[in-house]
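All remarks here apply to the structure that follows.
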Amino acid sequence: MTPFVCLLEIRIHLGESHDLKGKRKFLHSLKAGIRQRFGASVAEIDGHDTWQRTTLLCALVGDGEVSARADEVERFVLARCGDAVFERDLLSLEDVRG
């Protein structure tokens, strides 16, 4: 088995959010869902002080199926917010070690 790390950057526009409190509530729920359903690590990496935009970074670890799990994460996010852009990097352990 070759181990892989899949990094999924998610840029989200929250058109329905009217303040930072609403954005934080939505993101708390979204990140918890991603962690629980897919076993991913999730962090907000940009847009901390804006109330309609944010960028999340998800990390998935496993064998060749991590790409399929990343597809599922994308569908999960789109079903909850609709307006998101994704960028993905799939790295083998050898790639990470350099």
Just verifying a value: how many Å separate [X] [atom1] and [Y] [atom2], rounded to the nearest 0.5 Å?
| X | Y | atom1 | atom2 | value |
| --- | --- | --- | --- | --- |
| Thr54 | Asp46 | OG1 | CG | 7.5 Å |
| Phe86 | Leu78 | CZ | CG | 4.0 Å |
| Glu72 | Ile34 | CD | CD1 | 12.5 Å |
| Lys31 | Ile10 | NZ | CD1 | 11.5 Å |
| Cys6 | Phe38 | SG | CZ | 12.5 Å |

[Y] reachable from [X] in the ILVMFWY side-chain graph, under 4.5 Å edges:
| X | Y | value |
| --- | --- | --- |
| Leu91 | Val73 | no |
| Leu8 | Val85 | no |
| Val96 | Phe4 | no |
| Leu57 | Leu30 | no |
| Phe76 | Leu56 | yes |

Do you know the tightest heavy-atom contact between [X] and [Y]?
| X | Y | result |
| --- | --- | --- |
| Thr2 | Glu94 | CG2-OE1, 4.2 Å |
| Arg24 | His48 | NH2-O, 4.1 Å |
| Arg11 | Glu9 | NH1-OE2, 3.2 Å |
| Leu60 | Val66 | CD1-O, 4.1 Å |
| Leu20 | Asp49 | CD2-C, 4.0 Å |

Tell me if a side-chain donor or acceptor on [X] pairs with a main-chain N or O of [Y] at a distance below 3.5 Å.
| X | Y | answer |
| --- | --- | --- |
| Lys23 | Gln52 | no |
| Ser29 | Phe26 | no |
| Arg53 | Ile12 | no |

Dump the intermediate steps for side-chain contact (heavy atoms from CB on, under 4.5 Å) on Cys81 and Val77, then the final yes or no.
CA-CA 6 Å; Cys81 64; Val77 170; 3.7 Å; yes
Should Asp83 and Leu14 be marked as a side-chain contact (heavy atoms from CB on, under 4.5 Å) after you check the CA-CA gap, both sets of side-chain angles, and the distance that decides it?
CA-CA 7 Å; Asp83 192 3; Leu14 301 166; over 6 Å; no
Just by distance, with hydrogens left out, do Arg88 and Ser67 show a side-chain donor and acceptor under 3.5 Å apart?
yes
